[in-house]
**Q** 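Shown below is the structure under consideration.
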Amino acid sequence: MSKKLLVAFFIATAVAIYLLVFAPQGSNSSKEIVSTTANSPDIVVDTPKPNDVVTSPLVVKGKAKGTWYFEGQFPITLYYGVQNAFVTTNAFALGEWMTEDYVDFEVIINFPLPPENDGLLVLEKDNPSDLRELDANLSIPLRFHE
């Protein structure tokens, strides 16, 4: 009987390894704020905060883990107004980015006065590999008028 249990154990282990390695890990859409733990998000934005009323130029400051950067930068897009108007630029590391620790970033975004109040700031993990499972982003809703 122990031989049957041993065979069953090996089969169960092989199936578990197969599922962990080869099974699909969800959709191809990007993940929002990848975290290593619940208390340690990969990116933290100090300013602006969600639903802040902002003007041009918009200063975006925060910190991101070094894995968020590629060549010391990552893309940021500010969506505003009508007909999907937007400005895309890069945030730059303010220190050594080749680390797994946090690295401060800052970027200044100039934009025209939008005709609508609502906008969205999207910070994207730079992913030079183009592997969709490594995508991550953080979206912050903003307001342009009071």
Side-chain angles (χ1 to χ4, degrees), residues 6 8-146:
L6 188 58
F9 171 76
F10 283 120
I11 291 173
T13 303
V15 169
I17 291 171
Y18 173 81
L19 291 174
L20 287 172
V21 173
F22 297 107
Q25 299 296 318
S27 71
N28 288 335
S29 64
S30 63
K31 297 175 273 186
E32 216 173 296
I33 313 181
V34 176
S35 294
T36 53
T37 69
N39 296 327
S40 181
D42 287 346
I43 186 165
V44 176
V45 176
D46 298 323
T47 182
K49 296 294 185 192
N51 298 310
D52 274 359
V53 176
V54 299
T55 59
S56 183
L58 171 62
V59 177
V60 182
K61 292 183 182 181
K63 61 185 179 180
K65 294 206 174 170
T67 55
W68 196 269
Y69 300 88
F70 179 69
E71 298 296 330
Q73 60 188 354
F74 62 85
I76 293 182
T77 304
L78 175 64
Y79 295 93
Y80 61 90
V82 294
Q83 298 178 351
N84 295 324
F86 62 90
V87 174
T88 297
T89 188
N90 287 310
F92 293 93
L94 299 178
E96 176 56 46
W97 64 275
M98 293 186 71
T99 178
E100 291 186 14
D101 294 331
Y102 285 111
V103 180
D104 291 335
F105 67 84
E106 181 175 335
V107 63
I108 299 173
I109 304 172
N110 291 299
F111 60 94
L113 181 64
E116 293 187 0
N117 292 345
D118 298 321
L120 187 66
L121 183 67
V122 179
L123 299 87
E124 296 179 55
K125 177 180 179 182
D126 202 327
N127 179 13
S129 72
D130 287 330
L131 296 172
R132 298 295 61 123
E133 62 269 18
L134 298 179
D135 282 349
N137 66 64
L138 172 63
S139 297
I140 301 172
L142 298 173
R143 308 264 312 149
F144 298 110
H145 307 284
E146 291 201 70

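What you see below is based on every heavy atom in this structure, not just the backbone, and it leaves out hydrogens, waters and symmetry mates.
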**Q** Any sub-3.5 Å donor-acceptor pair from Tyr69's side-chain atoms to Val103's backbone N or O?
**A** yes
**Q** Please name the pair of heavy atoms, one in Phe144 and one in Glu116, separated by the smallest distance, quoted to 0.1 Å.
**A**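 In terms of heavy atoms, the two residues are closest at CD1-O, 3.7 Å.
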**Q** Measure the CD-CG distance between Gln73 and Asp126 for me, rounded to the nearest 0.5 Å.
**A** 7.0 Å
**Q** Can you name the closest pair of heavy atoms from Asp46 and Lys49 and give their distance?
**A**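 Heavy atoms of Asp46 and Lys49 come nearest at O-CE, 3.2 Å.
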**Q** If you take all heavy atoms of Thr67 and Glu100, which pair is closest and at what distance?
**A**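 Smallest interatomic distance, heavy atoms only, reads CG2-CG, 4.4 Å.
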**Q** Going by the rule side-chain hydrogen bond (donor to acceptor under 3.5 Å, both in side chains), which residues pair with Ser129 if we only count those two or more places apart in sequence or in a different chain?
**A**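 Partners of Ser129 by the side-chain hydrogen bond (donor to acceptor under 3.5 Å, both in side chains) criterion, ordered by chain and then number, come out as Asn127.
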**Q** If you look at every heavy atom in Val54 and Phe111, which pair is closest and at what distance?
**A**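 Heavy-atom minimum between the residues: CG2-CZ, 4.4 Å.
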**Q** Minimum heavy-atom separation for Lys125 and Leu134, please, with both atom names.
**A**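 Scanning both residues completely, I find the closest heavy atoms to be CD-O, 3.5 Å.
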**Q** If you take all heavy atoms of Ala91 and Val107, which pair is closest and at what distance?
**A** CA-CB, 4.0 Å
**Q** To the nearest 0.5 Å, how far apart are CD1 in Ile140 and CG in Leu123?
**A**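 With rounding to 0.5 Å, CD1 (Ile140) is 5.5 Å from CG (Leu123).
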**Q** I'd like to check Leu142 versus Tyr80 (side-chain heavy atoms, cut-off strictly below 4.5 Å). Are they in contact?
**A** no
**Q** Counting only heavy atoms not in Glu96, do more than 12 sit closer than 6.0 Å to its CD atom?
**A**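 Counting other residues, nucleotides and ligands, CD of Glu96 exceeds 12 neighbours.
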**Q** Please determine which of Val59, Leu78, Thr88 meets the side-chain contact (heavy atoms from CB on, under 4.5 Å) test together with Ile109.
**A**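 For Ile109, the side-chain contact (heavy atoms from CB on, under 4.5 Å) test succeeds with only one of Val59, Leu78, Thr88, which is Leu78.
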**Q** Taking the side chain as C-beta and beyond, is there a heavy-atom pair between Tyr79 and Pro114 under 4.5 Å?
**A**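 No, too far: nothing below the 4.5 Å cut-off.
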**Q** Against Phe105, only a single residue in Phe74, Trp97, Trp68 fulfils ring pair (Phe, Tyr, Trp, His ring centres under 6.0 Å); can you say which?
**A**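 Of the listed options, the one satisfying the test is Phe74.
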**Q** With sequence neighbours left out, write down each residue that passes ring-ring contact (aromatic ring centres under 6.0 Å, His included) with Phe70, or none if nothing qualifies.
**A** none
**Q** With side-chain contact (heavy atoms from CB on, under 4.5 Å) as the test, pick out the partner of Val60 among Thr89, Leu121, Thr47, Ile108.
**A**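 One option only clears the test, and that one is Leu121.
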**Q** Salt bridge between Asp118 and Arg143, side-chain N to carboxylate O under 4.0 Å?
**A** yes
**Q** Where do Asn90 and Phe92 land on the side chain to side chain contact (heavy atoms under 4.5 Å, CB included) test, with the steps shown first?
**A** CA-CA 6 Å; Asn90 287 310; Phe92 293 93; 4.0 Å; yes
